[in-house]
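Read through the structure below, which is laid out as structure tokens, and then see the notes.
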Amino acid sequence: MAMMSRAEYLASLDDGRRIFAEGEEIKDLAEHPQFAQAVKLVGDGYEQHYKSGDDASGDYFRIPHSKDELREIIDELLHWDMVTVTTSQGLLALLTAAARMRKDLPEHAERIEKYFEYCRVNDLRCVQAITDAKGDRRLSPGKQEDPDVYTRIVERRPDGIVVRGAKLHISSASISHELVVMPTKNMKEGEEDYAVACAIPVNAPGVKIVNTSYAPRERIEDFPASSQHNMPEGFIILDDVFVPNERIFLAGEVKHSATFAHSLGLWERLGGTAHMAEFGDTLVGLAELIAEANGTEKIHHIREKIAEMVIYATLTRAGLEAAIANAEPTAEGWYFPSELFTNAAKHYAASEYSLMVRHVHDIGGGSIVTAPSIADLENDEVGPYIEKYMATKEGISGEYRTRLFHAIRDFTADAYGGWQQVTMIQSGGGLFAQRLVARKHYDMDKAKKLALDLAGLA
Ligand SMILES: Cc1cc2nc3c(=O)[nH]c(=O)nc-3n(C[C@H](O)[C@H](O)[C@H](O)COP(=O)(O)OP(=O)(O)OC[C@H]3O[C@@H](n4cnc5c(N)ncnc54)[C@H](O)[C@@H]3O)c2cc1C
């Protein structure tokens with residue numbers, strides 16, 4: 001098989017998949033306002049990476065065999081569309097899970113490797129479907145009123161299994177090809193039916209995806225960020241979906257139920273930290289530009305806030321660098337990032353992000369949410385007044401400053417901004433999950449020894 005072109009990708013979406021949004025089933029994703037830009041971005045990604053020849057495959061299927069290769073992949077993924085990113089991260093996570101369970105489940109590890117090859121050779125895009133509906137959070141899967149709130153096996157057949165459940169918040173699922181389903185948490189003995197990991201094509205019978213999106217419906221000039229970068233979020237319903245044996249990676253082996261979530265968490269948090277390092281710099285840039293436009297850039301408290309933002313952006317990047325520099329080799333000879341540095345950096349960047357947004361809002365002023373639209377700026381009667389009163393000084397026109405405010409509102413304070421704030425905290429499994437993993441991998445004995453030495457108690 002060869003790589004897919006943009007046209008082939010667009011054609012591949014017309015495969016009978018069941019996609020819903022705003023109360024209706026959507027047939028032509030490329031034409032629908034909620035999906036069109038996202039489909040275009042993924043199509044651009046196919047175009048950007050396309051190489052001819054039957055043996056060609058995308059760089060996003062690269063497996064890092066050294067720390068330098070890992071750094072190259074992380075640098076590159078900042079220039080990929082989100083679906084290409086989730087494909088790379090998700091498949092690397094699957095391979096990490098395979099490496100971690102090969103000793104106990106060699107056949108499953110081999111199936112994962114074959115599946116990786118299948119995706120590479122067919123140039124497919126994958127998403128990771130982990131998060132279940134989860135019902136009452138205090139109760140384990142088996143104790144829930146409705147047994148389907150955690151995805152489970154409802155039938156075992158000689159040729160495969162049938163799964164039922166729902167996977168929530170799955171970004172870009174509707175415009176990808178493959179759903180990589182994994183358990184959302186550790187399952188205990190007696191919960192074997194919930195320990196299920198497998199790969200399901202998006203168009204498999206029984207799959208339905210309900211979507212939400214922050215894609216702007218109004219004039220795109222007022223939404224410079226979200227009109228360009230938006231992806232649908234998928235609420236995936238798995239209504240008794242058959243999965244053949246070769247696509248099953250776990251079906252009852254509770255010992256490895258958490259292996260997948262931990263492996264994915266690692267790669268997703270590394271990618272998240274890389275994006276937050278970029279976003280940190282972007283927030284610094286927005287704060288400095290609006291301060292300059294307002295004439296406040298030399299005022300003491302404004303400088304202080306921007307300095308704090310500079311520290312945030314730099315420390316986030318430092319955490320990312322440390323995660324790569326401390327990457328560890330697998331028995332297979334490839335590298336995965338440091339658990340400790342990845343989780344600590346992701347936690348720091350995510351938990352402080354809202355403070356950085358607060359600084360931008362504090363520095364920018366109320367026009368972040370009240371600046372007139374670009375359409376009003378273009379109106380013959382009121383436009384000149386908007387230009388006059390939004391201008392501040394020589395070199396800062398009303399239009400420039402208005403557009404800057406729209407960028408800040410869109411990126412931090414409107415639908416996309418709100419989405420970012422929640423996503424920073426929850427993506428990759430929420431802050432608590434990162435604290436748990438960081439603590440597990442931290443060298444507590446060394447810390448205690450230092451303390452005992454200090455106290456003269458060693
Ligand atoms: C934009 C976006 C994109 C996402 N993309 C994906 C994706 O592609 N694939 C995917 O699988 N998931 C994805 N997620 C899901 C994300 O991983 C979850 O939102 C996250 O793990 C939290 O789960 P939840 O939303 O069900 O909230 P909850 O589990 O209800 O958590 C809410 C809070 O309650 C706490 N809590 C819940 N249960 C317990 C408990 N038993 N004990 C102690 N504390 C508890 C949590 O720590 C958290 O603080 C995405 C989320 C967002 C917002």
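Note that ligands are numbered from 1 as they come in the structure, with each ligand's atoms numbered from 1 the same way.
Among all non-hydrogen protein atoms, the one lying nearest atom 21 (O) of ligand 1 is G429 CA, 3.5 Å. Closest to atom 37 (C) of ligand 1, if we only count protein heavy atoms, is R137 CG, 3.5 Å. Looking at atom 44 (N) of ligand 1, its nearest protein heavy atom turns out to be F432 CD2, 4.8 Å. Looking from atom 22 (C) of ligand 1 to the surrounding protein, the closest heavy atom is Q426 OE1, 3.2 Å. For atom 15 (C) of ligand 1, the closest heavy atom belonging to the protein is T131 OG1, 3.2 Å. In this structure, atom 3 (C) of ligand 1 lies nearest to the protein heavy atom S171 OG, 3.3 Å. Here the heavy atom of the protein found nearest to atom 52 (C) of ligand 1 is H169 CB, 4.1 Å.
When the shell of 6.0 Å around CD of E145 is examined, it contains 12 or fewer heavy atoms from other residues, nucleotides or ligands.
At least one protein heavy atom sits closer than 4.0 Å to atom 5 (N) of ligand 1. Distance check for atom 35 (C) of ligand 1: every protein heavy atom is found at 4.0 Å or beyond. Of the protein's heavy atoms, none falls inside 4.0 Å of atom 49 (O) of ligand 1. Distance remark: protein heavy atom present below 4.0 angstrom from atom 24 (P) of ligand 1. At a distance under 4.0 Å, a protein heavy atom can be found next to atom 1 (C) of ligand 1.
Note on E110 versus R102: no salt bridge recorded, every NZ/NE/NH1/NH2 to OD/OE distance being 4.0 Å or above. Look at R111 and E107 and you find a salt bridge, because one of the NZ, NE, NH1 or NH2 atoms lies within 4.0 Å of a carboxylate O, short of that distance. Using a 4.0 Å cut-off between charged side-chain N and carboxylate O, E321 and R71 make a salt bridge.
Those atoms of ligand 1 that come under 4.0 Å of a heavy atom in W419, given as number and element, are 1 (C). Close approach of ligand 1 to T423 (heavy-atom distance below 4.0 Å) involves ligand atoms 1 (C).
Applying the side chain to side chain donor-acceptor pair (under 3.5 Å) test to every pair with at least one member in residues 28-39, sequence neighbours left out, gives these pairs: Q34-R217.
For an aromatic pair to be called close, the ring centres must be under 6.0 Å apart, and F411 with F279 satisfies this. Ring pair F249/F260: centre-to-centre distance not below 6.0 Å.
Between I130 and ligand 1, a contact under 3.5 Å exists for at least one N or O pair.
In this structure, R125 fails the cation-pi test against Y9, since its NZ or CZ atom is not both closer than 6.0 Å to the six-membered ring centre and inside 45 degrees of the ring normal.
Using a 4.5 Å heavy-atom threshold, the side chains of C119 and H177 count as separate.
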>> Please determine whether salt bridge (charged side-chain N to carboxylate O under 4.0 Å, His left out) holds for the pair K440 and E339, giving the CA-CA distance in whole Å, both sets of side-chain angles, and the decisive distance to 0.1 Å.
In response: CA-CA 9 Å; K440 183 174 161 208; E339 289 272 11; over 6 Å; no
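V127 does not count as a contact of ligand 1, since none of its heavy atoms falls under 4.0 Å from the ligand.
No side-chain donor from either of T86 and Q89 sits under 3.5 Å from a side-chain acceptor of the other.
Checking M182, K134, Q128, K167 against atom 29 (O) of ligand 1, the nearest heavy atom belongs to K134.
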